[in-house]
Amino acid sequence: MKQQLHKLFENAVDALKRDGVVPPQQDIEIRFDHPRDKSHGDLATNLALSLAKAARQNPRELAQRLIDALPPSEHIAKVEIAGPGFINIFLSPSSQFEVLSRIHRQGCRYGCCDVGHGEKVLIEFVSANPTGPLHVGHGRGAAFGDTLARVMRFAGYEVDTEYYINDAGRQMDILALSVWLRYLELCGEEFSFPKNCYQGDYIWDIAATVHRVDGDKYRISTSNFFSAEYAHDSEKALDQMTSKFRSQVGSDGYQRFLDAALDILVEDIRSDLKGFRVEFDRWFSERSLYQSGIIDRTIAKLKQTEYLYEKDGALWFRATAFGDEKDRVVVRENGTPTYLASDIAYHQDKFDRGFNKLIDVWGADHHGYIDRVKGTLEALGNNPTNFIVTIVQFATLYRGGQKVSMSTRGGEFVTLRELRQEVGTDAARFFYAQRKPEQHLDFDLDLAKSQSTENPVYYVQYAHARVCSVFKQAKQRNIDTAEIFESDSTLLQEEHERNLANALNKFPEIVATAATNREPHHIVYYLRDVSNRLHTYYNAHNVLGTEAELRNARLNLMDATRQVIANGLNLIGVSAPEQM
RNA sequence: GCGCCUGUAGCUCAGUUGGAUAGAGUGUUGGCCUCCGGAGCCAAAGGUCACAGGUUCGAAUCCUGUCAGGCGCGCCA
């Protein structure tokens with residue numbers, strides 16, 4: 001609809017250019033928006049206001065000339081000039097209800113568009129360290145990333161999703177050590193478990209699986225395992241324990257404990273996310289980057305640029321050349337690559353795999369990391385604007401009015417699984433999807449749980465179920481609903497009906513802006529709006545009780561609304577139940 | 001100290017890229033089917049858009065400064 005109006009106004013502007021009213025070279029951007037006040041028409045444009053200066057004309061007079069130059073159209077019922085020079089457009093009823101047949105024709109594809117032009121996009125999200133279960137903070141990233149992927153696919157992007165498994169580095173040493181120590185306790189050793197090892201009960205479970213299979217195979221006496229050498233520095237003491245652990249059980253033993261932990265934890269995360277309706281196209285292992293030599297190759301490539309240099313025995317990346325506050329180590333003095341090194345290799349590999357655009361969804365605690373990764377990608381010859389990081393702010397949890405502290409190592413957190421069980425996937429995903437990512441989120445657990453039946457998700461789902469119910473009723477009354485798609489929409493003359501149809505018309509536009517701005521929360525607000533119009537309409541007018549032709553036209557409108565709600569709910573990963 | 005995010009109704013949040021009289025939910029108050037699903041609908045009340053300047057026909061939106069809160073500033077990942 002906007003496209004057709006666009007053409008009409010382009011014609012009008014061209015005519016004014018020919019008449020010399022508007023300078024011929026003048027750049028013109030014609031935009032239409034939806035006025036919130038219905039008396040201002042269905043669509044409005046500020047074209048005359050933006051042209052007034054260049055044309056040296058009073059905006060209202062210019063608006064009149066534009067209207068005079070407007071070619072006649074069946075879509076437009078009335079055009080008015082208002083305020084300082086807005087042009088308000090009232091659409092003809094027939095064009096407003098054209099959308100009903102389009103929705104019927106396109107079904108679950110209604111709302112999709114091609115603003116993405118098939119661009120190949122890789123969205124990486126969650127990527128939580130496999131050192132424990134996902135918590136509600138990860139849930140926010142999961143809901144956002146997955147919804148964004150769905151919306152962008154619907155808008156014509158070719159989207160892949162990926163989870164990066166951080167299965168290398170010091171955290172893994174600590175994980176393996178934690179499991180081994182619990183294992184020793186199961187073997188009967190007695191000692192006090194280090195405070196900075198992973199405390200969660202799941203560590204016991206992993207240790208138990210090893211103990212069940214291998215018995216006391218990796219048991220050693222702990223009598224002189226713990227030393228007081230680093231009593232003042234618990235992190236150093238931890239590293240010392242790790243190396244002792246590795247030397248005592250050998251690399252096979254170390255691997256045994258690490259693999260046992262990773263197998264269980266990654267699988268746990270995968271099934272947890274699946275229950276949250278989040279499934280990835282690929283799970284990418286950090287270790288695989290080392291094994292395949294990609295890290296060495298990428299560092300070698302970076303060495304050929306002017307942005308890598310040696311200092312204090314380490315290799316540094318000149319991040320300051322790209323706006324970072326200081327240079328960063330890529331390879332440590334001891335020869336091992338840093339986390340940045342594997343990240344450079346990983347992201348370069350994404351480009352090498354043929355993706356034009358990389359979208360990373362990160363937690364707020366990683367925002368300081370953006371500049372250096374962007375810098376390395378630029379140094380390697382990529383266009384940095386194709387690397388987009390969306391920062392998802394933290395969810396601050398409240399329970400009983402008190403902030404809940406979150407710490408993975410401490411084992412004290414609310415897991416995503418708990419949340420799913422308590423409020424359900426539908427409500428949880430809807431709740432997350434409502435917020436734009438950069439908004440700090442106060443998550444009141446008591447409220448989310450206790451008010452779960454008043455959660456806004458039910459409002460939208462209820463609208464869907466309500467339409468389904470009307471059709472069930474129709475069936476019971478032996479009404480043939482197959483004919484409704486041929487119904488005469490000129491019979492729809494109520495204001496509520498026009499309001500509803502207007503909302504249905506907007507859906508493709510909402511999808512497009514949600515996708516291009518990467519703000520999927522617009523879908524949620526749109527769904528609430530459509531649902532409200534449906535409820536309002538249904539409350540004010542009878543559908544099944546009217547005579548056949550009008551009834552069919554109304555059923556057609558209802559069914560189209562149901563379809564749009566179903567499509568929208570699907571985009572945010574929420575079910576559209578036929579009854580509740 | 002520096003950087004990023006945030007500040008809109010009692011509370012939780014939107015605000016279509018600078019537009020018209022500032023928008024929802026929730027909470028409060030009052031009303032609405034003996035009828036297709038009341039998990040609904042309608043109405044009222046509720047605002048110095050953190051504060052101060054600036055840009056222009058026009059600012060919650062853009063620029064500068066101030067204040068407040070969150071997060072970050074490792075040869076951790």
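Here is the naming used below: chain letters follow the sequence lines, and residue numbers restart at 1 for every chain.
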Novice: Is the ring of A:His366 stacked on the base of B:rG72, with centres less than 5.5 Å apart and planes under 30° off?
Specialist: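 According to the criterion (under 5.5 Å, under 30°), no, A:His366 does not stack.
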Novice: Write down the distance between OH (A:Tyr369) and P (B:rC75), rounded to a whole number of angstrom.
Specialist: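 Value for this atom pair: 12 Å.
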Novice: In whole angstrom, what separates A:Gln434's CD from B:rA24's P?
Specialist: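 Between P of B:rA24 and CD of A:Gln434: 16 Å.
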Novice: Applying a 4.0 Å non-hydrogen cut-off, can you work out what A:His541 is touching in the nucleic acid: base, sugar-phosphate, or nothing?
Specialist: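 It contacts base atoms.
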Novice: Could you give the CZ-to-P distance, from A:Arg170 to B:rA77, as a whole number of Å?
Specialist: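 Going from A:Arg170 (CZ) to B:rA77 (P), I get 8 Å.
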Novice: Identify which nucleotide among B:rC75, B:rA77, B:rA20 has an atom closest to any side-chain atom of A:Ala314, counting heavy atoms from C-beta outward.
Specialist: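 Of the candidates, B:rC75 comes closest.
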Novice: Between the base of B:rA14 and the side chain of A:Asp529, is there a donor and acceptor pair under 3.5 angstrom?
Specialist: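 It does not, because no donor-acceptor pair links the side chain of A:Asp529 to the base of B:rA14 below 3.5 Å.
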Novice: Taking 5.5 Å and 30° as the limits, would you call A:Tyr538 and the base of B:rC36 a stacked pair?
Specialist: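 Per 5.5 Å and 30° rule: yes, stacked.
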Novice: Expressed as a whole number of angstroms, how long is the span from A:Glu286:CD to B:rC76:P?
Specialist: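 Going from A:Glu286 (CD) to B:rC76 (P), I get 13 Å.
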Novice: Can you tell me which nucleotide in B:rC42, B:rA20, B:rC36 comes closest to the side chain of A:Ala82?
Specialist: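 The answer is B:rA20.
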Novice: Which part of the nucleic acid, if any, lies within contact of A:His40, taking any heavy atom under 4.0 Å across all strands shown: a base, the sugar-phosphate backbone alone, or nothing?
Specialist: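 Answer is base: heavy atoms of A:His40 come under 4.0 Å of a base.
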Novice: At less than 3.5 Å, do the side-chain atoms of A:Asn46 and the base atoms of B:rG19 form a donor-acceptor pair?
Specialist: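 Answer yes: a donor N or O sits under 3.5 Å from an acceptor.
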Novice: A:Lys436 side chain to A:Glu519 main-chain N or O, any donor-acceptor pair under 3.5 Å?
Specialist: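 Not confirmed, A:Lys436 side chain does not pair with A:Glu519 backbone.
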Novice: Using a 4.0 Å heavy-atom cut-off across all strands, classify A:His522 as base, sugar-phosphate, or nothing.
Specialist: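 Sugar-phosphate contact only.
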Novice: Check RNA chain B for consecutive Watson-Crick or G-U pairs with both distances under 3.5 Å and list the runs of at least three as stems.
Specialist: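 Stem list for RNA chain B: B:1-7 with B:67-73, B:10-13 with B:23-26, B:28-32 with B:40-44, B:50-54 with B:62-66.
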Novice: Give a yes or no on whether a salt bridge exists between A:Asp173 and A:Arg246, defined as a side-chain N under 4.0 angstrom from a carboxylate O.
Specialist: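 A:Arg246 and A:Asp173: salt-bridged.
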Novice: Please verify the inter-ring angle class for A:Tyr346 with A:Tyr164; under 30° counts as parallel, over 60° as perpendicular, anything in between as tilted.
Specialist: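 Rings of A:Tyr346 and A:Tyr164: parallel, as their planes differ by under 30°.
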Novice: Is the shortest side-chain N to carboxylate O distance from A:Arg170 to A:Asp239 below 4.0 Å?
Specialist: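 Yes.
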Novice: Counting only pairs under 3.5 Å, give me each side-chain donor-acceptor contact of residues 466-475 of chain A, with atom names and distances, residues two or more places apart or in other chains.
Specialist:
unit_1, atom_1, unit_2, atom_2, d
A:Arg466, NE, A:Tyr462, OH, 3.4
A:Arg466, NH1, A:His535, ND1, 2.9
A:Lys472, NZ, A:Gln579, OE1, 3.4

Novice: Polar atom pairs between nucleotides 4-7 of chain B and protein, under 3.5 Å, N or O only, would you list them?
Specialist:
unit_1, atom_1, unit_2, atom_2, d
B:rC5, O2', A:Gln393, NE2, 3.4
B:rC5, O2', A:Glu438, O, 2.7
B:rC5, O2, A:His440, NE2, 2.9

Novice: Give one of base, sugar-phosphate or nothing for A:Thr513, where a contact means two heavy atoms less than 4.0 Å apart.
Specialist: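 Here A:Thr513 touches no strand at all.
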